[in-house]
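What follows is a single structure, written as structure tokens, with notes after it.
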Number of protein chains: 2
Amino acid sequence: MSQLSVSEAVAETGLSAHTLRYYEKEMLLYEVPRDSGGRRFYTRELIAAIKFISALRATGMSIHGIKDYIDLYRRGEHTAQQRMGLLQSHEEAVQAQLKKTRASLNMIQRKIALYQSQLDAVAPNKQRA
Amino acid sequence: MSQLSVSEAVAETGLSAHTLRYYEKEMLLYEVPRDSGGRRFYTRELIAAIKFISALRATGMSIHGIKDYIDLYRRGEHTAQQRMGLLQSHEEAVQAQLKKTRASLNMIQRKIALYQSQLDAVAPNKQRA
DNA sequence: ATGCATGTTAGAGTGCGCTCTAAGTCAAGC
DNA sequence: GCTTGACTTAGAGCGCACTCTAACATGCAT
């Protein structure tokens, strides 16, 4: 069970088979093994890589940015420091993005509150009727 | 000063002139007034609308979704309840998105910590040297 | 009156991240 | 042996949100 078929990997990662192939073509995934019939299967390590790539995507890192990270990975252990630096600067970007989103959300929430008081003035205490 | 030229509106909102025109074409902005020479200018109300639209965009609402909201606005006061509902369901979507982003960020932070301990094992106490 | 910055238009182009298509292969079950 | 379903490929297509182009107009400063 440490080797998943395409459909199992789809179920496990939440990505589509199309997207898995696309990531492979873009070199985010490499050395994906095949069975005797030429079909892909995904090892535990690959599934972990896919999940990490998904986390990078979900936080807004571009495919290109992820590729840079993966390329460092492929170049060996001596790139660990650079990889960490990459992740750290991404983390900063995500924190900034979160801050901006929270500020925008706040503005939206104030607007909702405005609607609530406005609707309340028109039809007050409706819940007590 | 309650009427801003294009370049002033650009400075005030952080959007490009291209994007302002694009939003107008997509009907997110309407009745943008013109001076005698046919040039646009932006009233206080328009600037506020642009900033609110930017907040919706920054939280991931699509242009189409914003258009739906604006269309309700144009139809008059009796749509206030619907508009509020729209904002509320958007708020929920944003909260869910934030949650997902935080979870992904957490995964990335754990990876960074892993790098840190790994690099520390190779060159421990470097800071004390 | 000349030059230059700032604006106007319609429409084309761009970059991103998938997403789909079409035609074919393979293995297992009936 | 035949069907079915899961897979394969190269490459095209798509939706989104801008972003830019080209040719032209206006208005202020020298």
Side-chain angles (χ1 to χ4, degrees), chain A residues 3-43 46-47 50-70 90 93 97 100-101 104, chain B residues 3-43 46-47 50-70 90 93 97 100-101 104:
Chain A
Q3 291 180 347
L4 307 194
S5 69
V6 169
S7 57
E8 286 166 335
V10 163
E12 182 69 20
T13 64
L15 300 181
S16 74
H18 284 306
T19 300
L20 288 174
R21 282 194 294 269
Y22 168 67
Y23 283 1
E24 197 176 332
K25 193 172 68 181
E26 295 300 316
M27 308 292 280
L28 305 185
L29 303 173
Y30 55 95
E31 291 169 12
V32 178
R34 306 293 182 107
D35 68 16
S36 60
R39 296 164 147 95
R40 289 170 183 80
F41 60 89
Y42 297 88
T43 60
L46 271 169
I47 294 293
I50 293 166
K51 286 181 177 176
F52 191 65
I53 287 168
S54 293
L56 293 175
R57 285 291 303 127
T59 50
M61 188 181 282
S62 69
I63 297 292
H64 188 90
I66 296 169
K67 175 139 203 314
D68 288 346
Y69 177 80
I70 299 291
H90 179 58
Q97 179 54 51
K100 189 181 169 190
T101 300
S104 295
Chain B
Q3 291 180 347
L4 308 194
S5 69
V6 170
S7 57
E8 286 166 336
V10 163
E12 182 69 21
T13 64
L15 301 180
S16 74
H18 284 305
T19 300
L20 289 174
R21 284 194 293 269
Y22 168 66
Y23 282 1
E24 198 176 331
K25 193 172 68 179
E26 295 301 317
M27 308 292 279
L28 306 186
L29 303 172
Y30 55 96
E31 291 169 11
V32 177
R34 306 293 183 110
D35 68 16
S36 59
R39 295 164 147 93
R40 290 171 183 80
F41 61 89
Y42 296 89
T43 60
L46 271 169
I47 295 293
I50 293 166
K51 286 181 177 176
F52 190 64
I53 288 168
S54 293
L56 293 175
R57 284 291 304 126
T59 51
M61 189 182 281
S62 68
I63 297 293
H64 187 90
I66 296 170
K67 175 137 202 316
D68 288 346
Y69 177 79
I70 299 291
H90 179 57
Q97 179 54 51
K100 190 180 168 189
T101 299
S104 295

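Computed from heavy atoms alone, side chains included, the values below leave out hydrogens, waters and symmetry copies. In what follows, every chain begins at residue 1, and chains take the letters A, B, ... in the order their sequences are listed.
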Report task. For B/Thr19 and B/Ser16, run side chain to side chain donor-acceptor pair (under 3.5 Å): C-alpha distance rounded to whole Å, both residues' side-chain angles, the deciding distance at 0.1 Å, then the answer. Result -> CA-CA 5 Å; B/Thr19 300; B/Ser16 74; 2.9 Å; yes
Query raised in the report: How would nucleotides 24-30 of chain C be written as a contact map, 5' to 3', with B for base contact, S for sugar-phosphate-only contact and - for no contact, using protein heavy atoms under 4.0 Å?
Result: --BS---
Report summary line: With sugar-phosphate taken as primed atoms, P, OP1 and OP2 and all else as base, the protein-contact string of nucleotides 14-20 of chain D at under 4.0 Å (heavy atoms; B, S, -) is ---BBBB
Please report the distance, rounded to the nearest Å, between [atom1] in [X] and [atom2] in [N].
X: B/Tyr42; N: C/dT6; atom1: OH; atom2: P; value: 16 Å
X: A/Leu20; N: C/dG17; atom1: CG; atom2: C1'; value: 14 Å
X: A/Leu15; N: C/dG17; atom1: CG; atom2: P; value: 14 Å
X: A/Phe41; N: D/dT8; atom1: CZ; atom2: P; value: 12 Å
X: A/Lys67; N: C/dC16; atom1: NZ; atom2: P; value: 14 Å

Query raised in the report: Between A/Ile66 and A/Tyr23, does a side-chain contact (heavy atoms from CB on, under 4.5 Å) hold up when you go through it step by step?
Result: CA-CA 10 Å; A/Ile66 296 169; A/Tyr23 283 1; over 6 Å; no
**Report entry** Test log, rule side-chain contact (heavy atoms from CB on, under 4.5 Å), inputs B/Thr13 and B/Tyr42
**Finding:** CA-CA 11 Å; B/Thr13 64; B/Tyr42 296 89; over 6 Å; no
Look at the side-chain N and O atoms of [X] and state whether any lies under 4.0 Å from the OP1 or OP2 oxygen of [N].
X: A/Ser5; N: D/dC7; answer: yes
X: B/Arg34; N: D/dT26; answer: no
X: B/Arg40; N: C/dG7; answer: no

Query raised in the report: Going through the distances and angles, do B/Val6 and B/Arg39 end up as a side-chain contact (heavy atoms from CB on, under 4.5 Å)?
Result: CA-CA 8 Å; B/Val6 170; B/Arg39 295 164 147 93; over 6 Å; no
Query raised in the report: Is there a donor-acceptor pair under 3.5 Å between the side chain of B/Arg21 and the backbone N or O of B/Lys25?
Result: no
Side chain to side chain, [X] and [Y], heavy atoms closer than 4.5 Å:
X: B/Met27; Y: B/Lys67; answer: yes
X: B/Glu12; Y: B/Leu4; answer: yes
X: B/Arg40; Y: B/Glu24; answer: yes
X: B/Leu15; Y: B/Ile50; answer: yes

Query raised in the report: If every non-hydrogen atom of B/Phe41 is compared with every non-hydrogen atom of B/Leu46, which pair is closest and at what distance?
Result: O-CD1, 4.2 Å
Query raised in the report: Under the side-chain contact (heavy atoms from CB on, under 4.5 Å) criterion, do A/Leu29 and A/Ile70 qualify, and how do the steps go?
Result: CA-CA 8 Å; A/Leu29 303 173; A/Ile70 299 291; over 6 Å; no
Query - Secondary structure string for DNA chain C (Watson-Crick or G-U under 3.5 angstrom, | for other-strand pairs) - result: ||||||||||||||||||||||||||||||
